[in-house]
Amino acid sequence: MSKKNGIEPFSRRSFLRSAVTFGAAALAAPALAQNATPLEALINDRSRGNWDDQFDAKAAARTAAAVQSNTPILGPDSVPNIQQAIARYQSIVANGGWPQINPTSQQSMQLGVTDPAVQSLRQHLMVTGDLPREAGISSSFDSYVDGAVKRFQARHGLPPDGVLGDFTLKAMNISANVRLQQLNTNLVRLQTFPSDLGRRHVMVNIPATRVEAVQDGQVALRHEAIVGRESRPTHIINSKIYEVILNPYWTAPRSIIIKDIMPLMRKDPTYLTRSNIRLLDGKGQEVAPETIDWNSDKAPDLMFRQDPGKTNAMASTKINFHNPNNEYMHDTPEQGLFNKLMRFDSSGCVRVQNVRDLATWLLTETPGWPRQHIEQVISTRVNTPITLATEVPVYFVYISAWSAADGIVQFRDDIYNLDGNSELALETTQGMEQPVQ
């Protein structure tokens with residue numbers, strides 16, 4: 001594990017500069033009128049800076065997309081960036097936080113709706129910096145509110161559809177104080193990483209279900225991911241990627257044999273054959289599935305190995321890194337899983353969308369493996385292990401709140417309940433793949 005860093009200092013000038021560029025900087029404003037409420041002070045404080053002058057009815061998609069950055073979550077500026085966010089949220093908390101949103105009608109709150117609760121929604125979004133104060137306070141869910149809700153959703157890892165659905169409403173109604181606690185918790189996590197993570201490295205952020213390939217301080221690739229469900233979590237680890245395997249065999253871990261395959265074989269004795277999974281003994285000899293007592297309490301002491309191919313659990317690619325948990329990154333034949341709201345579906349390993357792009361990036365400095373050759377080998381369906389010329393550091397992290405240099409603060413669902421507050425687990429895992437009983 002890496003050594004813990006101390007809190008890196010940051011200047012008042014850089015803090016104020018960040019506050020100007022970030023709409024959510026709710027700093028105190030002693031020059032305001034004496035009769036202004038704390039909420040009005042937060043909304044009207046000119047030191048919070050001007051909203052993007054280009055904001056208009058057509059800007060919703062742009063404002064949501066602007067939440068993404070090529071600045072990596074882990075980097076030399078991670079600690080000072082989150083410290084600046086903490087300072088801003090301390091000010092928000094000190095001034096009373098933001099209002100709760102309680103819709104008064106059964107209709108969905110979205111573009112075109114009129115509801116008294118939209119007034120509170122506007123105030124909330126002004127405090128968080130997602131809505132310009134020039135938009136004013138009214139009961140109309142107009143294009144300004146639509147763009148602001150989409151921006152809020154993007155910052156919280158939710159689909160930016162502009163609709164105030166259950167998950168968006170839950171995220172909005174988490175108090176400013178709880179969000180401040182979440183930022184403080186993640187500051188401690190970020191301080192454990194060295195400032196030098198390697199010129200080229202990969203980061204897997206578990207609660208964000210996101211993979212970043214970083215080169216020379218910038219995100220070169222960003223991938224959606226599927227990580228371990230709460231009952232079979234992906235482990236937090238610092239390691240190094242040493243191998244890419246094209247057309248991998250899949251060898252079932254003992255836990256999956258016991259928890260999944262044994263029950264399936266009791267229900268359907270053809271499961272292994274249909275799935276191209278072979279049983280091999282210690283000498284590499286194949287064993288017929290029908291010779292095994294699948295009703296036994298003990299799993300057979302055999303290797304369960306699936307042949308390469310389209311139905312293989314890892315599809316075209318496997319990425320190996322040193323770890324004691326038998327975890328790895330890989331492709332998947334079930335690409336539709338990446339379209340799910342929350343992707344906590346695996347048994348611990350990490351499925352990576354567009355993993356061939358990541359494999360190509362990893363093999364960039366390994367001679368003889370351009371993208372064209374990688375695709376040619378995959379088409380043969382021949383198992384092909386490739387050792388990287390230089391191992392690439394990989395960091396499996398649990399960062400549920402962070403901020404970039406632009407001051408945009410991001411939050412994610414606390415899927416493994418590690419942040420110390422049950423409010424932060426938004427139950428966004430509903431409808432996900434359930435483990436086989």
Side-chain angles (χ1 to χ4, degrees), residues 22-26 35-45 48 50-52 54-67 89 92-93 95-180 341-342 408-413 422-428 430-431:
F22 179 60
N35 60 351
T37 67
L39 181 60
E40 290 170 337
L42 284 169
I43 294 172
N44 296 317
D45 181 7
R48 293 171 64 242
N50 293 320
W51 186 266
D52 180 358
Q54 301 302 313
F55 189 95
D56 57 29
K58 298 179 181 180
R62 179 175 57 79
T63 54
V67 168
Y89 273 70
I92 291 175
V93 169
N95 283 277
W98 45 63
Q100 296 281 294
I101 313 302
N102 299 301
T104 60
S105 65
Q106 297 299 316
Q107 61 180 335
S108 297
M109 289 185 68
Q110 59 186 331
L111 185 63
V113 166
T114 299
D115 188 309
V118 175
Q119 295 186 34
S120 296
L121 175 61
R122 285 173 177 265
Q123 292 174 333
H124 186 294
L125 293 169
M126 288 178 185
V127 173
T128 59
D130 295 303
L131 180 69
R133 56 182 175 267
E134 290 81 4
I137 302 298
S138 76
S139 298
S140 174
F141 198 122
D142 60 16
S143 59
Y144 280 88
V145 177
D146 177 65
V149 169
K150 288 177 179 176
R151 188 177 188 272
F152 176 93
Q153 290 170 324
R155 290 195 301 108
H156 291 76
L158 298 167
D161 57 9
V163 179
L164 219 66
D166 289 343
F167 298 136
T168 300
L169 193 59
K170 286 180 180 179
M172 282 191 174
N173 283 337
I174 290 175
S175 70
N177 186 56
V178 170
R179 288 303 190 192
L180 176 59
L341 171 61
M342 289 291 161
I408 295 176
V409 185
Q410 303 231 17
F411 297 99
R412 293 298 184 271
D413 190 359
S422 60
E423 287 186 56
L424 296 173
L426 301 180
E427 300 179 1
T428 46
Q430 291 179 356

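Side-chain contact check for Gln123 versus Leu131: every heavy-atom pair is 4.5 Å or farther apart. Side-chain contact between His156 and Thr168: absent, with no pair of heavy atoms (C-beta onward) separated by less than 4.5 Å. The shortest distance between side-chain heavy atoms of Thr128 and Met172 does not fall below 4.5 Å. With a 4.5 Å cut-off on side-chain heavy atoms, Val409 and Tyr89 count as touching.
Asn173 meets the side chain to side chain contact (heavy atoms under 4.5 Å, CB included) test with Gln100, Ile101, Leu169; sequence neighbours excluded. Legend: residues meeting side chain to side chain contact (heavy atoms under 4.5 Å, CB included) with Val93, ordered by chain and number and at least two apart, are Ala176, Asn177, Leu180. Legend: residues meeting side chain to side chain contact (heavy atoms under 4.5 Å, CB included) with Asp166, ordered by chain and number and at least two apart, are absent. For Asp161, the side-chain hydrogen bond (donor to acceptor under 3.5 Å, both in side chains) partners at least two apart in sequence or on another chain are Gln153.
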Show me the donor-acceptor pairs, under 3.5 Å and distance only, between side chains in residues 135-142 and residues at least two apart or in other chains.
| from | atom 1 | to | atom 2 | distance (Å) |
| --- | --- | --- | --- | --- |
| Ser138 | OG | Arg122 | NE | 3.4 |
| Ser138 | OG | Arg122 | NH2 | 3.3 |
| Ser138 | OG | Ser140 | N | 3.2 |
| Ser139 | OG | Gln119 | NE2 | 3.0 |
| Asp142 | OD1 | Arg122 | NH2 | 3.3 |
| Asp142 | OD1 | Tyr144 | N | 3.1 |
| Asp142 | OD1 | Val145 | N | 3.1 |
| Asp142 | OD2 | Arg122 | NH2 | 2.8 |

Kindly list each side-chain donor-acceptor pair under 3.5 angstrom involving residues 104-117, sequence neighbours excluded, with atom names and distances?
| from | atom 1 | to | atom 2 | distance (Å) |
| --- | --- | --- | --- | --- |
| Thr104 | OG1 | Asp115 | OD1 | 2.8 |
| Thr104 | OG1 | Asp115 | OD2 | 3.2 |
| Ser105 | OG | Asp115 | OD2 | 3.1 |
| Asp115 | OD1 | Ala117 | N | 2.8 |
| Asp115 | OD2 | Thr104 | N | 3.4 |
| Asp115 | OD2 | Ser105 | N | 3.4 |

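For the atom pair Asp130 CG and Phe152 CZ, the distance stands at 7.0 Å (nearest 0.5 Å). One finds the CG atom of Leu125 at 15.0 Å from the CZ atom of Arg133 (value rounded to the nearest 0.5 Å).
Although no hydrogens or angles enter the test, the distance criterion places no donor-acceptor pair under 3.5 Å between the side chain of Arg155 and the main chain of Lys150.
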